[in-house]
S.K.: 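Can you read through this structure? Questions will come right after.
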Amino acid sequence: MPIALAFFVHYAYLIVFLWVLVEQVGIPIPSVPVLLTAGTLSATHTVSHLYVVISVLFACLIADTIWFALGRRFGNSVLKLLCRLSFEASTCVSKTEGYFTRRGPVTLLFAKFVPGLSTVAAPIAGQTGMPYSRFLMWDLAGSLIWGETFILAGRFFGDVAKKSAPFLHWLGHFAFVIFVLMVLGFLGHRIWKQRKFLQQVRELRLEPSELKGMLDAAEAGGLKPPFIVDLRHPLDYLPDPRVLPGALRIGPNELKLHSEIIPRDRDVILYCTCPSEETSAKLALQLHKMGVYRVRPLRGGFDGWKEAGYPLVDYVSETPSSEVVQKILPANSNTAVPSM
């Protein structure tokens, strides 16, 4: 048995535990290759399937409990930190918050399968005030489903390999090289997606100073100001419920489905709270494909505007000014709609 493979077999449970723990803590090192490798070795009874599963569950339990407690204690600041660590810019916090809004704790059953959601799901659950006992039940179930999916996939591959002695011998000889290639492949794909997304964002985003100048010019000339949309999730309002002057609060899904409310005669500015403007930038790109071309994400989002010292205003309830807005925002009693 090659030295690298012998080392993995000897310390298999510790390696699985530490590797999964590191990933679940927020470091973007994919643990799927480790689970596949452990599952493959379990087919030859070199390692115990049961002990591998227990190692995965303990790692997830420790990491998720820590993030759950931090999310309950520090809220949005913890989410921003995790989002910066994630390679999955287009997923991030807002998507997870949307899942929790629609599905509640059921989100925890599949969160670990979605890159970017895995780590932020636990602190968001804590931020929403979910009881720890309920969180623990759903989180362990989700961790078990996630871990077993890849362990059993590796086990199936190992069972197939056992039917051919030459192939099994070759697999054992090059196991370490295959493992390294899988890890590099996962990392490379994530980095490529992140860089491609950020390149698209840089071509679109608007500086806070530019928006401030546009607002001042509109006010001085008696012109229509830019149409500003606050895409933040209700949980993001907790640290600071104020908005940019004239901003309309509306969710990304509603804005995309009802793009007819977006005026075509002026610039449309979107902002959120995710690092790199993930939510607003992704939505801007989608709206561009739908024919809405004068839409741009605000660089730095809400925090960038606030840190620049530009004015923020209280969100005052007003009667919606169009039938379309009334249809898509009937349940939001705090809806301020700028004139269109």
S.K.: Do the side chain of W305 and the main chain of L312 share a donor and acceptor less than 3.5 angstrom apart?
M.R.: no
S.K.: Could you grab the distance from atom CG of L18 to atom OH of Y13, nearest 0.5 Å is fine?
M.R.: 15.0 Å
S.K.: Apply side chain to side chain contact (heavy atoms under 4.5 Å, CB included) to F227 and V295, showing your working.
M.R.: CA-CA 9 Å; F227 187 78; V295 55; over 6 Å; no
S.K.: Identify every side-chain donor-acceptor pair in residues 214-223 under 3.5 Å, counting partners at least two apart or on other chains, and give the distances.
M.R.:
{"residue": "D216", "atom": "OD1", "partner": "K212", "partner atom": "NZ", "Å": "3.1"}
{"residue": "D216", "atom": "OD2", "partner": "K212", "partner atom": "NZ", "Å": "2.9"}

S.K.: Taking L36 as the starting point, is it possible to reach I15 by hopping between hydrophobic residues whose side chains are less than 4.5 Å apart?
M.R.: yes
S.K.: Nearest heavy-atom pair of L140 and L57: which atoms, and what distance?
M.R.: O-CD2, 3.9 Å
S.K.: Which pairs, with at least one residue in residues 55-69 and sequence neighbours excluded, count as a salt bridge (charged side-chain N to carboxylate O under 4.0 Å, His left out)?
M.R.: D64-K112
S.K.: Minimum heavy-atom separation for W67 to V25, with atom names?
M.R.: CZ2-O, 2.7 Å
S.K.: Heavy atoms, side chains only, cut-off 4.5 Å: are I269 and L244 in contact?
M.R.: no
S.K.: Roughly how far, to the nearest 0.5 Å, is CG of L41 from CZ of R155?
M.R.: 11.0 Å
S.K.: If you round to the nearest 0.5 Å, how far is OG of S55 from CD1 of I151?
M.R.: 8.5 Å
S.K.: If you measure from CE on M130 to CD1 on I124, what distance do you get to the nearest 0.5 Å?
M.R.: 10.5 Å
S.K.: Mind listing the closest non-hydrogen atom pair of T273 and R232 along with its distance?
M.R.: CG2-CD, 3.3 Å
S.K.: Within a reach of under 6.0 Å around OH of Y310, are more than 12 heavy atoms found that belong to other residues, nucleotides or ligands?
M.R.: yes
S.K.: Does R294 reach the side chain of V268, with side-chain heavy atoms less than 4.5 Å apart?
M.R.: no
S.K.: Minimum heavy-atom separation for D314 to R242, with atom names?
M.R.: OD1-CG, 3.6 Å
S.K.: Any side-chain to backbone donor/acceptor pair from W138 onto L109? Under 3.5 Å, distance only.
M.R.: no
S.K.: Among the clusters formed by ILVMFWY side chains lying less than 4.5 Å apart, do M137 and V106 turn up in the same one?
M.R.: yes
S.K.: Please check if L152 and W146 belong to a single hydrophobic cluster, counting links between Ile, Leu, Val, Met, Phe, Trp and Tyr side chain heavy atoms closer than 4.5 Å.
M.R.: no
S.K.: Check for me, please, whether V313 and Y237 land in the same ILVMFWY cluster - side-chain distances under 4.5 Å, paths through other members count.
M.R.: no
S.K.: Return the CZ to CG distance between R296 and L270, rounded to the nearest 0.5 Å.
M.R.: 11.0 Å
S.K.: Could you check if a side-chain atom of L35 sits within less than 4.5 angstrom of a side-chain atom of V20, using non-hydrogen atoms only?
M.R.: yes
S.K.: Side chain to side chain contact (heavy atoms under 4.5 Å, CB included) for V16 and V56? Distances and angles first, verdict last.
M.R.: CA-CA 7 Å; V16 170; V56 171; 3.7 Å; yes
S.K.: In the single-linkage hydrophobic clustering (I, L, V, M, F, W, Y; side-chain heavy atoms under 4.5 Å), do L144 and L108 co-cluster?
M.R.: yes
S.K.: Checking the side chain of S42 only, and the main-chain atoms of V47 only, is there a donor and an acceptor separated by less than 3.5 Å?
M.R.: no
S.K.: Does the Y315 side chain pair with the main chain of R249, one donor and one acceptor, at a distance under 3.5 Å?
M.R.: yes
S.K.: Out of curiosity, D139 CG to R134 CZ, how far, rounded to the nearest 0.5 Å?
M.R.: 13.5 Å
S.K.: Between V243 and L248, is the side chain to side chain contact (heavy atoms under 4.5 Å, CB included) condition met? List the steps.
M.R.: CA-CA 8 Å; V243 298; L248 163 68; over 6 Å; no
S.K.: Show your working on side chain to side chain contact (heavy atoms under 4.5 Å, CB included) between D267 and L206 and close with a plain yes or no.
M.R.: CA-CA 11 Å; D267 292 305; L206 179 75; over 6 Å; no
S.K.: Whether R72 engages the ring of F135 as a cation-pi pair (distance to the six-membered ring centre under 6.0 angstrom, angle to the ring normal within 45°) should be assessed.
M.R.: no
S.K.: Can you pull the ring pair (Phe, Tyr, Trp, His ring centres under 6.0 Å) pairs that have at least one residue in residues 14-34, sequence neighbours excluded?
M.R.: W19-F179
S.K.: Can you give me the closest heavy-atom contact between E148 and V53, atom names plus distance?
M.R.: OE1-CG2, 3.6 Å
S.K.: Answer yes or no: is there a donor N or O on one side and an acceptor on the other, between the side chain of Y271 and the main chain of G304, under 3.5 Å?
M.R.: no
S.K.: Does a sphere of radius 6.0 Å around OH in Y51 hold more than 12 heavy atoms from other residues, nucleotides or ligands, not counting ones at 6.0 Å or beyond?
M.R.: no
